[in-house]
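Shown next, in structure tokens, is the structure this report addresses.
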Amino acid sequence: MELSNHFISIKKSPILFFTTKPPFSTKALTKPFDSHSPKLTSPAHSLQLETLKTLEWSSLCNQLTPFTSTSMGQSITRNAKIPIGKSKEESQKLLDQTAAALAVMESGPLDFSGIEDITRILDSAVSGTLLTVGELCAVRRTLRAARTVVERLKDSGDCSERYAPLLEILQNCNFQIELEKKVGFCIDCNLSKILDRASEDLEIIRSERKRNMENLDRLLKGISARIFQAGGIDKPLVTKRRSRLCVGVRASHRYLIPDGVVLNVSSSGVTYFMEPGEAVELNNLEVMLSDSEKAEEIAILSLLTSEIAESARDIKYMLDGIIEVDLSFARAAYAYWMNGVRPIWTSEGCGGISSGGGDYLFSIDIEGIRHPLLHGTSRKHLSNILGSNSLNSMEVDEDSMLDTGKHSKNVSEFPVPINIKVEYGTRVVVISGPNTGGKTASMKTLGVASLMSKAGLYLPAKNTPKLPWFDFVLADIGDHQSLEQNLSTFSGHITRICKILEVASNESLVLIDEICSGTDPSEGVALSTSILHYLRDHVNLAVVTTHYADLSLLKDKDSRFENAAMEFSLETLQPTYQILWGCTGDSNALSIAKSIGFDSDIIERARKWVEKLVPEKQQERSGMLYQSLLEERNRLEAQARKAASVHTEIMELYHEIQAEAEDLDGHVKALMAKETQLVQLELKAANSQIETVVQNFENQLRKASPDQFNSLIKKSESAIASIVQAHCSSDSLPASETDTRSYTPQLGEQVLVKRLGNKLATVVEAPRDDETVLVQYGKIRVRMKKSDIGSIKSDKKSKATILVPSLKRQVKQSFSELNKDEEVSHGPRVQTSKNTVDLRGMRVEEAARHLNMAISAIEPLSVIFVVHGMGTGAVKECALEVLGKHPRVAKYEPESPMNFGCTVAFIK
């Protein structure tokens with residue numbers, strides 16, 4: 001056998017099909033994905049398993065399953081085998097990998113679709129079992145997909161540094177590029193067929209077999225055709241029986257093949273399947289070539305199997321790296337879904353310095369954290385609500401789950417977030433408070449948060465959570481009663497605590513629920529105190545819950561103890577699930593019993609017994625003091641919220657005023673432009689009226705006799721004077737102080753505010769009896785005295801009076817030109833877009849208004865083309881009427897055969 005031109009060539013090698021032990025080592029370099037360290041001693045290992053079970057670690061791992069992309073990753077999360085850092089450095093590396101995966105997700109997720117779990121295939125190859133074509137193709141697909149993942153990470157350009165933690169995972173992996181190419185060269189995975197080029201012998205065998213089959217087929221088809229022509233068969237039939245090609249013939253016509261061999265007979269006995277004598281040698285050659293082809297294919301598969309077996313160790317190591325990358329992306333997607341934030345480590349040995357470099361007073365500072373299992377349940381519930389409210393409630397996919405953070409404000413805040421704050425130097429925290437108040441859930445939240453941080457998971461909290469790295473998280477929560485082991489509740493409880501004390505180190509976190517409960521209270525308090533003193537000296541932190549009030553007194557004697565209480569509302573008789581650090585809490589057993597409907601007589605007797613048992617009503621005074629502190633805290637919080645609200649409103653008003661002030665220059669320019677436009681309009685109107693008087697005077701002057709000249713002049717002067725008077729009147733003089741006082745602004749009128757530098761404002765409220773007016777400038781409303789407000793008319797009119805001399809000069813100029821008989825010369829009669837007014841399609845009123853505006857705006861001594869169309873003639877009649885009456889139109893020419901639908905007007 002010879003494999004490919006550029007691959008390993010083995011001439012006529014025997015079949016490498018292992019039936020016994022393989023001739024190479026099968027020891028693989030694997031990366032452990034077990035959450036339990038193999039180095040742990042047996043008690044520590046079993047205790048760690050029990051703690052993980054108590055904290056429901058497997059349920060949390062299952063939440064990661066939908067975010068994994070490979071079957072191997074799903075198997076790890078379902079079996080709660082995700083890696084947990086065995087040291088602070090390992091946990092930091094896991095967090096860095098999660099952060100890098102989040103960075104990659106910003107540009108799109110990686111494609112793991114081609115990666116399959118080929119562990120069983122590799123084990124089969126190592127054991128000597130011959131791999132099939134399909135199994136070889138699975139190995140090739142996985143190798144190619146893994147290489148694509150790495151290439152995507154490496155081709156990220158400037159972001160490669162951000163992806164470095166992921167690239168380090170696959171840095172030492174051998175992706176077996178040559179093996180992948182060799183399998184692809186030998187096998188067509190789309191057709192699941194070994195290619196001819198796989199070896200020279202296979203190519204020769206298949207070529208010879210093809211020629212032989214062509215000859216055999218041609219021979220048998222010719223014989224079958226002759227049998228058909230002789231009536232020996234209904235239609236020519238060439239088939240295969242006993243792995244040999246033959247022809248079909250009726251039993252009565254078997255003589256047509258005298259030297260034939262009967263290979264088979266039909267069930268009815270009518271048809272014989274015979275191999276003609278001429279085809280025997282060709283059939284023998286076909287069988288021999290077929291066997292040779294199968295042997296050569298097995299040899300090729302055996303060679304590829306042996307190469308995969310030799311590379312199994314590297315391939316498994318590469319698969320473990322791919323699983324790590326897959327789990328990194330699962331943690332990143334889970335963090336995105338949970339709105340998680342990255343925790344940082346604190347180290348008391350460095351004087352209160354966190355791994356992030358900042359100085360903090362707390363060794364544990366976690367704000368607004370929710371238990372991930374409860375938080376995950378609430379987010380799934382929210383997704384279901386969003387899905388049911390959508391138009392297509394069946395299409396609620398992972399993307400919609402990732403977008404639920406936008407709508408979370410519309411859902412009640414469940415679970416209730418809690419704050420966990422433990423100062424440096426604190427070794428034991430004693431949590432007291434009512435039953436069903438959330439003590440156990442809060443303690444579990446701390447334990448789960450510690451495990452999540454060690455496993456590289458982000459926390460569902462606010463800001464930046466800070467906590468130490470714990471080597472062990474050891475918990476005694478729940479009832480450990482066992483009939484099988486003859487353990488009572490107290491015995492099981494103490495047995496578990498004893499194991500914890502044996503395993504715990506000075507870097508451990510110990511969680512004990514209801515310490516030393518289930519026994520005589522005095523002995524329970526004594527034993528609890530002794531245990532807490534031991535934990536104070538031997539662990540990093542111990543958190544215990546209790547109903548023993550005496551344990552809260554330990555803080556008074558030793559600063560390494562701290563108290564905490566679960567808040568309970570005496571108004572609603574319901575827990576608020578908030579932790580009050582530094583406080584001691586009442587159990588409120590009597591209040592809870594009353595709220596659930598206990599007999600009032602029993603409750604009252606119990607209260608009397610409490611008064612007898614607690615001397616000098618110390619319990620009552622403690623409860624009253626506690627309640628007053630809660631009320632004071634609530635009052636201060638309400639004041640803080642109110643102050644924040646007022647501050648927000650003040651800042652909004654400040655920004656509005658600042659924006660208005662920055663835009664004052666723009667307002668001034670706009671007002672000046674508006675005033676100028678109004679004055680120009682008044683000036684145009686006055687000019688138009690004066691031009692009309694002058695035009696009438698000229699017309700009358702041509703017809704009048706010399707005796708009538710003086711009367712015509714006086715009449716025209718009187719008309720012009722009245723026009724000037726109408727536009728100037730008494731406003732040409734400055735407004736007096738008396739006029740200002742007598743001015744009364746009207747609602748909605750625009751006025752000038754003197755104190756704002758004569759800025760333009762709007763009256764939004766009618767004047768009051770106290771001579772004040774409410775005006776609005778921009779978004780600001782202010783009440784001003786009437787004396788500080790002026791009318792804008794005087795300003796406009798004063799500007800108009802400036803133009804009176806020029807108007808009079810224009811009148812005198814017009815009179816001086818009355819005696820001139822020169823013919824007025826208009827511009828050229830060339831139609832352009834500027835001197836054309838198109839009235840087609842307009843109504844009569846709109847056409848008249850549009851034409852008047854066009855005539856008023858055009859330059860003197862111009863020609864204007866009025867296009868009115870043919871139509872019904874209404875627009876045309878309107879246009880001719882306007883042209884006949886307008887004072888600026890000297891004359892107009894009606895439409896002509898050369899210019900239908902258009903009238904030409906000459907402007908004075």
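In this chain, residues are counted from 1 in sequence order. Hydrogens, waters and symmetry mates play no part in the numbers below; they use all other heavy atoms, side chains included.
- Under a 3.5 Å cut-off, the side chain of Ser75 and the backbone N or O of Met72 do not form any donor-acceptor pair.
- Partners of Asn463 by side-chain hydrogen bond (donor to acceptor under 3.5 Å, both in side chains), not counting sequence neighbours, listed by chain and number: Glu367.
- Annotation: side chain of Ser517 is not in contact with side chain of His547 (no heavy-atom distance under 4.5 Å).
- Between the side chain of Thr98 and the main chain of Ser328, no donor-acceptor pair closer than 3.5 Å is present.
- Remark: Ser453 engages no residue in a side-chain hydrogen bond (donor to acceptor under 3.5 Å, both in side chains) (not counting sequence neighbours).
- Between the side chain of Asp513 and the backbone N or O of Thr440, no donor-acceptor pair lies under 3.5 Å.
- The salt bridge (charged side-chain N to carboxylate O under 4.0 Å, His left out) test applied to Glu106 returns Arg162, not counting sequence neighbours.
- Here Phe470 pairs with nothing under the ring-ring contact (aromatic ring centres under 6.0 Å, His included) rule; sequence neighbours left out.
- Between Ile531 and Cys516, the closest side-chain pair of non-hydrogen atoms falls below 4.5 Å.
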(Q) Show, in sequence, the C-alpha distance, side-chain angles and deciding distance for Asp471 and Lys454, and conclude whether the salt bridge (Lys or Arg N to Asp or Glu O under 4.0 Å) test is met. (A) CA-CA 9 Å; Asp471 58 353; Lys454 292 180 63 177; over 6 Å; no

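- To the nearest 0.5 Å, atom CG of residue Leu52 and atom OG of residue Ser58 are 9.0 Å apart.
- Every residue two or more places apart in sequence or in another chain that forms a salt bridge (charged side-chain N to carboxylate O under 4.0 Å, His left out) with Glu562 is listed here: Lys555.
- Listed by chain and number, the residues in a side-chain hydrogen bond (donor to acceptor under 3.5 Å, both in side chains) with Ser645 amount to none (sequence neighbours excluded).
- Not a single donor-acceptor pair under 3.5 Å links the side chain of Ser432 to the backbone N or O of Ala565.
- A donor-acceptor distance shorter than 3.5 angstrom exists from the side chain of Asn419 to the backbone of Gly368, with no hydrogens or angles considered.
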**Q.** Step-by-step side-chain contact (heavy atoms from CB on, under 4.5 Å) determination, Ile369 to Ile418
**A.** CA-CA 5 Å; Ile369 187 171; Ile418 62 173; 3.8 Å; yes

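- Scored by the salt bridge (charged side-chain N to carboxylate O under 4.0 Å, His left out) test, Lys499 finds no partners at all (sequence neighbours excluded).
- Between Leu327 and Ile76 the shortest heavy-atom distance is CD1-CG2, 4.2 Å.
- When side chains are defined from C-beta on, Glu514 counts as touching Lys439, because their heavy atoms get closer than 4.5 Å.
- Residues Ala542 and Leu535 approach most closely at CB-CD1, 3.8 Å, considering heavy atoms.
- A heavy-atom distance below 4.5 Å is not found between the side chains of Arg427 and Val539.
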Q.
What verdict does the side-chain contact (heavy atoms from CB on, under 4.5 Å) test give for Ile515 and Thr545, after you've listed the backbone C-alpha separation in whole Å, the side-chain angles of each residue and the deciding distance to 0.1 Å?
A. CA-CA 7 Å; Ile515 184 170; Thr545 65; over 6 Å; no

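- Heavy-atom minimum distance, Phe329 versus Ala101: CE2-O, 3.7 Å.
- For Val422, the side-chain contact (heavy atoms from CB on, under 4.5 Å) criterion is met by Ser363, Ile364, Thr426, Val429, Leu541, Trp581, not counting sequence neighbours.
- The closest side-chain heavy-atom distance from Ile500 to Asp476 is below 4.5 Å.
- With hydrogens and angles ignored, the 3.5 Å screen pairs a side-chain donor or acceptor of Thr65 with a backbone N or O of Asn62.
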Which donor-acceptor pairs under 3.5 Å do the side chains of residues 443-452 make with protein atoms, sequence neighbours left out?
residue, atom, partner, partner atom, Å
Thr445, OG1, Ala441, O, 2.7
Ser450, OG, Leu446, O, 3.0

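- Annotation: salt bridge (charged side-chain N to carboxylate O under 4.0 Å, His left out) contacts of Arg641 (sequence neighbours excluded): none.
- Residues Lys466 and Phe362 fail the side-chain proximity criterion, which asks for heavy atoms closer than 4.5 Å.
- A donor-acceptor pair under 3.5 Å links the side-chain atoms of Glu90 to the main chain of Lys86, judged by distance alone.
- Evaluation of the salt bridge (Lys or Arg N to Asp or Glu O under 4.0 Å) test over residues 536-548, restricted to residues two or more places apart or in two chains, returns Arg536-Asp558, Asp537-Arg560.
- Listed by first and then second residue, the salt bridge (Lys or Arg N to Asp or Glu O under 4.0 Å) pairs involving residues 327-340 amount to none (not counting sequence neighbours).
- Contact annotation: the side chain of Val544 never approaches that of Ile431 to less than 4.5 Å [non-hydrogen atoms, C-beta and beyond].
- The existence of a salt bridge linking Arg496 and Glu50 is confirmed by a sub-4.0 Å separation between a basic side-chain nitrogen and an acidic carboxylate oxygen.
- Donor-acceptor pairing under 3.5 Å is lacking for the side chains of Ser508 and Asn540.
- Side-chain N or O atoms of Thr77 include one that pairs as donor or acceptor with a backbone N or O of Gly73 at under 3.5 Å.
- In this pair, Phe67 and Tyr334 present their aromatic rings perpendicular. The plane angle is above 60°, beyond the 30 to 60° band.
- Trp469 and Glu507 share no side-chain donor-acceptor pair at under 3.5 Å.
- We find the CD-CG distance between Gln97 and Leu102 to be 12.5 Å, quoted to the nearest 0.5 Å.
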Q: Kindly indicate, with the supporting measurements, whether the criterion side-chain contact (heavy atoms from CB on, under 4.5 Å) is fulfilled by Val325 and Phe112.
A: CA-CA 10 Å; Val325 175; Phe112 291 89; 3.8 Å; yes

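- Taking 4.5 Å as the limit, some side-chain heavy atom of Leu110 sits within range of a side-chain heavy atom of Leu153.
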(Q) Test side-chain contact (heavy atoms from CB on, under 4.5 Å) on Phe561 and Ser552; report intermediate values, then the result. (A) CA-CA 9 Å; Phe561 287 86; Ser552 301; over 6 Å; no

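- His538 and Tyr534 have parallel rings, their planes meeting at less than 30° on a 0 to 90° scale where 60° marks the start of perpendicular.
- Residues Leu94 and Gly85 approach most closely at CD1-N, 3.8 Å, considering heavy atoms.
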